[in-house]
K.L.:
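What follows is a structure written as structure tokens; I'll ask about it next.
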There are 2 protein chains.
Amino acid sequence: MPKRPTIVDVAKLAGVSKATVARVVNGQHDIVSQETQKRVVDAIDKLGYERNSIAGSLRTDKTFMIALSIPDITNPFWPEVTRGVQDTLETSEYAVVTVNSDWDAARELKYLRMVRRNRFDGLIINPTDASSTYFRDMEVPIVLLGSGNGYAGYDSVGSDTESAVQIALDYLYSLGHRRIALIAGLSARRKNTSRYHSYVAFLARNQLKLDPELVVHGDFSLQAGQDAMRQLLSLPHPPSAVFAANDIIAIGAMQTAAAMNWRIPEQISIIGMDDIYMASTSLPPLTTIAKPKYEIGVEAARLLLARLEYGDDLPIRAVRLPCELVVRGSTAPPAEMTSRL
Amino acid sequence: MPKRPTIVDVAKLAGVSKATVARVVNGQHDIVSQETQKRVVDAIDKLGYERNSIAGSLRTDKTFMIALSIPDITNPFWPEVTRGVQDTLETSEYAVVTVNSDWDAARELKYLRMVRRNRFDGLIINPTDASSTYFRDMEVPIVLLGSGNGYAGYDSVGSDTESAVQIALDYLYSLGHRRIALIAGLSARRKNTSRYHSYVAFLARNQLKLDPELVVHGDFSLQAGQDAMRQLLSLPHPPSAVFAANDIIAIGAMQTAAAMNWRIPEQISIIGMDDIYMASTSLPPLTTIAKPKYEIGVEAARLLLARLEYGDDLPIRAVRLPCELVVRGSTAPPAEMTSRL
DNA sequence: GCCCTGAATGAGAACGTTCTCATTCAGGGC
DNA sequence: GCCCTGAATGAGAACGTTCTCATTCAGGGC
């Protein structure tokens with residue numbers, strides 16, 4: 001395999017110094033005379049020269065590589081976020097290395113070390129709980145995906161979950177529902193507590209009584225949704241509507257309802273959160289709160305680009321993007337409970 | 001921001017040459033005396049030295065970066081393949097840059113140039129039709145995702161779609177179905193023609209007549225599945241079962257069937273292909289042919305690693321992984337058509 | 001005619017590794 | 001005591017850029 005041509009080969013063929021070739025390659029056209037420029041370009045074409053960005057990175061300490069650390073690309077929430085990050089960074093010539101932390105602090109730490117070793121220019125990360133302490137030594141701009149709670153000093157991008165929950169619950173209320181259940185995610189994690197708080201606030205605002213039987217906890221799985229729904233529908237006085245902490249739970253809940261011969265939405269309304277692709281393909285299609293997934297990715301990339309350009313001159317920003325109610329087929333006004341077959 | 005320590009700083013502190021530090025850092029412990037080794041390790045710890053892999057890459061011409069080019073990470077088929085690639089390459093210390101070609105040859109070409117410029121060590125790609133000619137100048141090992149037809153000279157990993165289609169159709173036949181429709185993908189693309197051929201072969205093998213009305217073409221979208229199903233169910237003599245070219249089409253078909261008040265699977269059986277996550281969350285859950293997505297990614301990464309290690313000494317390999325029938329709730333023996341409500 | 005200015009270009013160090021040779025030196029054989 | 005061997009270590013070039021200064025030189029002002 002013949003060696004690839006370098007800037008020196010081009011310089012020799014064009015009869016100029018490598019400094020001049022570098023000027024042409026890096027687009028400082030104004031500084032090089034027309035005539036010289038042409039000679040250089042011709043030589044480049046003739047040799048098929050391509051700039052070696054590794055060598056450039058060594059000199060400039062800039063790699064144009066960014067790491068994106070997410071829990072799992074296989075989880076339907078993340079591909080769109082990833083796509084938003086990729087599309088935005090690519091237009092500025094950055095390449096994105098996506099890694100999956102699997103919510104595992106040890107894996108995450110391994111990737112943080114990779115970021116340092118490979119001299120990546122920046123990091124966008126949905127952090128595990130443990131990572132805060134490691135960030136200190138990163139020496140590289142970091143943008144957080146998520147609330148950013150517990151990570152002072154970094155830009156962050158998240159969605160406005162609190163008001164989104166209010167929108168969902170208000171919608172169910174406006175349909176006439178008064179007995180509304182909550183299937184929350186794992187109570188140990190902060191964001192779910194926030195959903196619970198929003199739920200309590202909603203009840204208070206509408207003078208509704210909090211019925212502990214209507215609040216079920218579980219993780220974010222299909223199974224959790226199925227189990228929770230079985231529990232709710234077995235109550236002596238079941239809810240007429242269910243708000244699930246995410247779409248996967250909601251779809252699990254719908255499966256159980258269908259299996260127990262409850263008709264959705266005639267006998268029970270269900271509303272989810274996230275608006276993953278599946279939400280539109282379930283039967284019935286799921287009413288849900290759409291999180292701006294792609295935009296979250298775009299915005300995170302923008303914050304990082306700004307930080308890369310201006311460094312610490314910029315104030316820390318915490319961007320909260322609005323969510324949106326998407327009404328599909330899983331919600332309707334409540335029916336008389338007695339009409340159940 | 002203080003400059004990061006280099007191998008020279010370590011050498012100075014440990015009182016040895018940088019060659020010796022390099023030997024320790026690169027794990028050639030046997031060559032360095034115990035005593036010297038300890039001094040070097042202590043110095044590394046004290047300074048917090050971390051090897052600069054950019055500088056190493058310049059010298060060794062090895063970047064430990066791999067590019068993975070897929071159509072779109074947002075398409076539910078690809079995240080699992082991606083995960084398989086990432087998990088496998090990471091254990092060999094490679095980082096993976098995932099890019100989305102969007103089936104666009106110009107985008108793809110842009111990424112191929114990036115691979116060259118950044119001196120990536122290898123490429124795993126699901127190629128657009130146009131790319132064959134560009135591969136010549138890549139000077140880097142390439143593994144193809146897909147059939148590899150039309151790209152002689154490269155390793156490839158795909159699934160055995162032909163026999164998978166036979167398995168699906170045989171299953172429907174074994175349930176008693178004799179009037180089986182095919183919703184094919186775009187006929188312009190080779191792999192769908194292959195599905196059509198398998199369908200025709202199945203009919204011939206079982207002495208069934210080919211009814212052109214039972215073959216509908218479309219693209220791979222939900223919409224296409226919906227339209228095709230409407231067409232099929234409006235026939236004077238509708239099919240009792242439908243084989244869809246992928247799960248998205250199948251789910252679209254189920255939605256239309258439900259909207260037209262056909263009961264699945266009692267009145268119409270539907271079978272898909274791919275086994276994306278959604279297939280298990282639809283109502284009813286979709287019977288489908290599971291493609292080994294994660295394994296495809298793993299195998300592609302393995303082929304690439306082998307090629308990176310042994311170069312042209314290895315023969316070209318075309319791996320075909322078996323598919324598997326996953327029976328869920330969308331298929332059943334055919335009912336009397338007259339029992340339709 | 002001389003000097004000054006600024007445009008155009010070149011020389012060469014530097015980035016932080018790796019890797020080839022060269023050098024040092026202890027210990028054993030005679 | 002001398003030589004040889006091999007283990008341990010060091011010197012310094014090289015990878016291909018970028019970038020700072022230095023140099024060249026044409027043209028204009030006086």
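Naming: A, B, ... by sequence-line order, numbering from 1 per chain.
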K.L.:
According to a strict under-4.0 Å criterion, is Thr20(B) in side-chain N/O contact with OP1 or OP2 of dG10(D)?
P.N.:
yes
K.L.:
So Ser53(B), base contact, sugar-phosphate only, or nothing? Heavy-atom distance under 4.0 Å.
P.N.:
nothing
K.L.:
What distance separates Leu68(A) CG from Leu89(A) CG, expressed to the nearest 0.5 Å?
P.N.:
8.5 Å
K.L.:
Any strand is fair game: report the nucleotide pairing with dA26(D) by Watson-Crick or G-U wobble, both distances under 3.5 Å, or none.
P.N.:
dT5(C)
K.L.:
Which heavy atom of Met138(A) sits nearest a heavy atom of Leu112(A), and at what distance?
P.N.:
CE-O, 3.7 Å
K.L.:
Assign Thr36(B) to base, sugar-phosphate, or nothing according to its heavy-atom contacts below 4.0 angstrom with the strands shown.
P.N.:
sugar-phosphate
K.L.:
Atom CZ in Arg116(B), atom CZ in Arg51(A): separation rounded to 0.5 Å?
P.N.:
14.5 Å
K.L.:
Angle between ring planes, Tyr154(B) versus Phe135(B), binned at 30° and 60°: parallel, tilted or perpendicular?
P.N.:
perpendicular
K.L.:
Under 4.0 Å between a side-chain nitrogen and a carboxylate oxygen: does that hold for Asp155(B) and Arg317(B)?
P.N.:
no
K.L.:
Which base, if any, makes a Watson-Crick or G-U wobble pair with dT18(D), both distances under 3.5 Å?
P.N.:
dA13(C)
K.L.:
Using a 4.0 Å cut-off on protein heavy atoms (strictly under), produce a 5'-to-3' string for nucleotides 13-26 of chain C with B for base contact, S for backbone-only sugar-phosphate contact, and - for none.
P.N.:
BBBBBBB-------
K.L.:
Please report, rounded to the nearest Å, how far the P atom of dA7(D) is from the CD atom of Gln37(B).
P.N.:
16 Å
K.L.:
If I take atom CZ from residue Arg83(A) and atom OG1 from residue Thr88(A), how far apart are they, to the nearest 0.5 angstrom?
P.N.:
10.0 Å
K.L.:
Counting heavy atoms from C-beta on, name the nucleotide in dA8(D), dG10(D), dA11(C) closest to the side chain of Ser33(B).
P.N.:
dA8(D)
